[in-house]
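The block underneath contains the structure these notes are about, expressed in structure tokens.
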Amino acid sequence: MKICYLCPDLGIPIDGHKGASAHVRGLLKAFREEGHKLRVITGAMYENNSIGVPVMSVAGPAITQSPFLYTNKRMGRALRHLWTNVA
């Protein structure tokens, strides 16, 4: 079966150390071991392909990089997620 795994959460890098990152990698590993063809689309940056699955990082809109978003971290994070979802 062909599976496209979407991981749009900017806070879950596929190669990260968080539990959510480990969960994604574990699920992909299980799918791959069952013989499925995989592709991953993620909103977080992904630099090394240590999982052996094609990964496409989708860049967020340029406005999410604006410095004014970081004066209030919670507000900045919320706005970044909203604008990324719109894009």
Side-chain angles (χ1 to χ4, degrees):
M1 177 186 307
K2 292 181 181 179
I3 298 173
C4 181
Y5 188 94
L6 301 176
C7 185
D9 192 323
L10 299 173
I12 304 176
I14 303 296
D15 55 351
H17 301 288
K18 294 180 174 183
S21 299
H23 171 77
V24 170
R25 286 192 308 272
L27 191 58
L28 293 172
K29 180 181 175 189
F31 283 148
R32 193 176 63 238
E33 288 175 354
E34 288 296 317
H36 299 293
K37 292 184 179 185
L38 299 169
R39 177 172 306 267
V40 178
I41 300 176
T42 180
M45 291 305 296
Y46 181 74
E47 295 183 10
N48 67 10
N49 193 351
S50 59
I51 58 172
V53 174
V55 177
M56 182 177 149
S57 293
V58 179
I63 195 164
T64 63
Q65 306 304 322
S66 297
F68 79 89
L69 293 177
Y70 300 101
T71 56
N72 178 330
K73 280 189 168 187
R74 291 183 75 186
M75 180 66 76
R77 192 174 318 125
L79 289 173
R80 189 172 69 230
H81 285 295
L82 285 172
W83 285 324
T84 300
N85 287 340
V86 168

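Values below: all heavy atoms of this structure, side chains included; hydrogens, waters and symmetry mates excluded.
A donor-acceptor pair under 3.5 Å links the side-chain atoms of Arg25 to the main chain of Gly16, judged by distance alone.
Here the CE-CG distance, from Met56 to Leu6, works out to 10.5 Å after rounding to the nearest 0.5 Å. Residue Asp9 holds its CG atom at 7.5 Å from NZ of Lys18, rounded to the nearest 0.5 Å.
Proximity of Leu38 to Tyr5: side-chain heavy atoms (C-beta onward) are nowhere separated by under 4.5 Å.
Under the side-chain contact (heavy atoms from CB on, under 4.5 Å) rule, Ile41 has a single partner from Ser57, Cys7, Cys4, Pro54, which is Cys4.
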